[in-house]
Amino acid sequence: IEIGECGRLGMKIVPPNVNRSFGEFGVIPESGDIIFSLAAIKGVGVNVAQAIQEERSNNGPYASLTNFIERIPRFAVNKKTIECLAKSGAFDEFTERKQVLSSVEAILRFASLLHRETTSSQSGLFGMQMNSGVLKLTPIEPATRMERLSWERELLGLYLSDHPLNGLAAKLTKSVTPIKKITSAMNGKRIRIGGVISVCQRIISRNGRPILFSQVEDTSSRIEVVVFSDVLEKNPVVWQQDNVVLIEGRLSNRNGDLKIICERAEPIVV
């Protein structure tokens with residue numbers, strides 16, 4: 001089953017979890033939900049995913065982040081892997097995502113100590129805070145909802161724990177056209193949509209003016225939005241990935257490829 005088909009089939013995809021995910025996509029028996037593959041997390045890879053799964057199969061679930069670092073092979077404990085697992089939500093049952101990110105260097109030093117037989121009894125080496133073998137993470141404000149969602153889209157390719165438009169349905173329903181209801185019969189008509197910017201690609205035209213090609217998606221579908229320099233210059237800060245926006249423009253149906261030529265855009269506060 002393709003990931004994009006799961007919603008249409010009534011199946012929910014949940015974020016990866018080091019105690020429940022596998023190297024491939026799997027099913028949670030209790031709920032029937034699809035759980036995201038560890039190997040499919042950008043920056044993790046097959047070898048690390050297999051090592052996490054095999055250790056868990058052989059010796060049971062990981063009890064904590066400390067226990068996870070103690071048990072997985074040394075090659076799997078590196079900055080990129082830890083950051084990607086944290087950002088994707090794979091450590092959520094242990095600790096908050098941003099707290100892991102702020103403590104990556106301490107985690108790596110902790111892992112290094114654990115893999116040195118001659119330093120197993122040392123405490124506080126390299127400025128680390130250790131208490132009975134438990135790694136103490138740096139206190140920090142939790143990641144915002146949009147930070148978490150941005151990381152999920154970056155590393156998983158889609159939003160899983162939530163969606164930027166959740167909670168805005170009532171506001172959007174009254175004022176916009178759902179993207180899935182836009183058809184070629186509306187060619188040339190003015191349309192108003194609301195959604196989140198998932199892609200922004202800027203080019204320079206032959207006359208030296210910037211043009212932006214963006215993908216805007218709501219909870220049902222997505223569409224390309226073309227932004228010419230005159231519109232772009234009016235509100236350039238709007239055009240960033242993960243921003244939630246209201247867009248007005250005219251539908252273009254050139255060669256069967258539907259897109260909106262933007263005439264006006266404004267941010268929506270989430």
Side-chain angles (χ1 to χ4, degrees), residues 1-9 13 36 40 42 88 145-270:
I1 299 173
E2 296 292 335
I3 292 179
E5 296 179 355
C6 291
R8 291 190 291 275
L9 295 175
I13 304 176
F36 206 90
K42 184 177 180 181
S88 67
R145 173 173 174 264
M146 285 308 300
E147 282 178 323
R148 294 194 305 271
L149 293 179
S150 177
W151 293 333
E152 289 175 16
R153 182 192 53 75
E154 172 195 355
L155 296 174
L156 309 179
L158 69 167
Y159 305 112
L160 288 185
S161 63
D162 199 352
H163 193 282
L165 300 184
N166 286 347
L168 297 173
K171 178 179 180 179
L172 295 178
T173 299
K174 298 178 181 179
S175 60
V176 305
T177 300
I179 294 175
K180 69 178 180 180
K181 292 187 177 181
I182 297 174
T183 68
S184 57
M186 302 165 72
N187 184 40
K189 292 185 177 181
R190 179 183 289 273
I191 293 177
R192 194 171 196 235
I193 65 169
V196 58
I197 299 173
S198 57
V199 176
C200 276
Q201 181 180 7
R202 186 187 301 260
I203 68 167
I204 301 299
S205 65
R206 292 180 180 178
N207 62 7
R209 305 285 285 174
I211 301 176
L212 194 71
F213 294 91
S214 64
Q215 292 284 336
V216 176
E217 62 181 69
D218 58 17
T219 56
S220 66
S221 190
R222 66 169 57 188
I223 193 169
E224 184 175 57
V225 176
V226 182
V227 189
F228 290 101
S229 57
D230 57 336
V231 176
L232 183 60
E233 289 168 358
K234 291 178 182 177
N235 205 347
V237 296
V238 167
W239 301 101
Q240 299 180 38
Q241 284 186 335
D242 299 312
N243 276 359
V244 179
V245 293
L246 283 174
I247 291 173
E248 292 183 10
R250 295 194 180 275
L251 184 67
S252 169
N253 183 24
R254 187 174 182 179
N255 300 321
D257 185 16
L258 296 179
K259 59 187 66 178
I260 294 174
I261 309 303
C262 182
E263 297 176 350
R264 181 173 177 273
E266 63 179 90
I268 302 176
V269 178
V270 179

Practice item. Could you go through the side chain to side chain contact (heavy atoms under 4.5 Å, CB included) check for Asp242 and Leu149 one step at a time? Key: CA-CA 8 Å; Asp242 299 312; Leu149 293 179; over 6 Å; no

Exercise for review: Kindly indicate, with the supporting measurements, whether the criterion side chain to side chain contact (heavy atoms under 4.5 Å, CB included) is fulfilled by Glu152 and Phe36.
Suggested key: CA-CA 11 Å; Glu152 289 175 16; Phe36 206 90; over 6 Å; no

Exercise for review: Carefully, step by step, assess Ile247 and Val227 under the rule side chain to side chain contact (heavy atoms under 4.5 Å, CB included).
Suggested key: CA-CA 10 Å; Ile247 291 173; Val227 189; over 6 Å; no

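In this structure the side chain of Phe228 reaches within 4.5 angstrom of the side chain of Ile261, judged on heavy atoms. Cys262 has its side chain within reach of Val225: a pair of non-hydrogen atoms, C-beta onward, lies under 4.5 Å apart. With contacts defined as side-chain heavy-atom distances shorter than 4.5 Å, the pair Val237/Asn235 qualifies. At least one side-chain heavy atom of Leu246 sits under 4.5 Å from a side-chain heavy atom of Glu266. Looking at heavy atoms from C-beta onward, Pro210 lies in side-chain contact with Ile204 at the 4.5 angstrom threshold.
Interatomic distance, Lys42 NZ to Arg153 CZ, rounded to the nearest 0.5 Å: 9.5 Å. The distance from the CD1 atom of Ile182 to the CD1 atom of Ile191 is 4.5 Å, given to the nearest 0.5 Å. Rounding to the nearest 0.5 Å places CZ of Arg148 at 7.5 Å from CG of Asp162. Considering OG of Ser175 and CD1 of Ile268, their distance stands at 7.0 Å, rounded to 0.5 Å. The line from CE of Met186 to CG of Leu258 is 9.5 Å long, rounded to the nearest 0.5 Å. Between the OG atom of Ser88 and the CG atom of Leu156 there is a distance of 5.5 Å, given to the nearest 0.5 Å.
Side chain of Arg250 to backbone of Gly188: a donor-acceptor contact under 3.5 angstrom is found. The main-chain N or O of Lys259 is never found under 3.5 Å from a side-chain atom of Ser252 such that the two would form a donor-acceptor pair. Side-chain atoms of Gln241 come within 3.5 Å of backbone atoms of Ser198 as a donor-acceptor pair (strictly under, hydrogens ignored). Within the 3.5 Å criterion, the main-chain N or O of Val238 finds a donor-acceptor partner in the side chain of Asn243. The backbone N or O of Asn253 lies less than 3.5 Å from a partner atom in the side chain of Asn187, making a donor-acceptor pair. A distance-only check finds a donor-acceptor pair linking the side chain of Arg145 to the backbone of His163 [under 3.5 Å].
Summarising the geometry of Ser205 relative to Ile211, their closest heavy-atom pair is CB-CD1, 3.8 Å, with the distance given to 0.1 Å. In plain terms, the two heavy atoms of Val176 and Ile193 that are nearest each other are CG1-C, 3.7 Å. Smallest separation of non-hydrogen atoms from Gly194 and Asp218: O-CB, 3.6 Å. Taking both residues in full, the closest heavy atoms of Ile203 and Phe213 are given as CD1-CE1, 3.4 Å, listed atom of the first, atom of the second, then distance.
By the side chain to side chain donor-acceptor pair (under 3.5 Å) test, Glu154 is found to be paired with no residue, residues two or more places apart in sequence or in another chain being considered.
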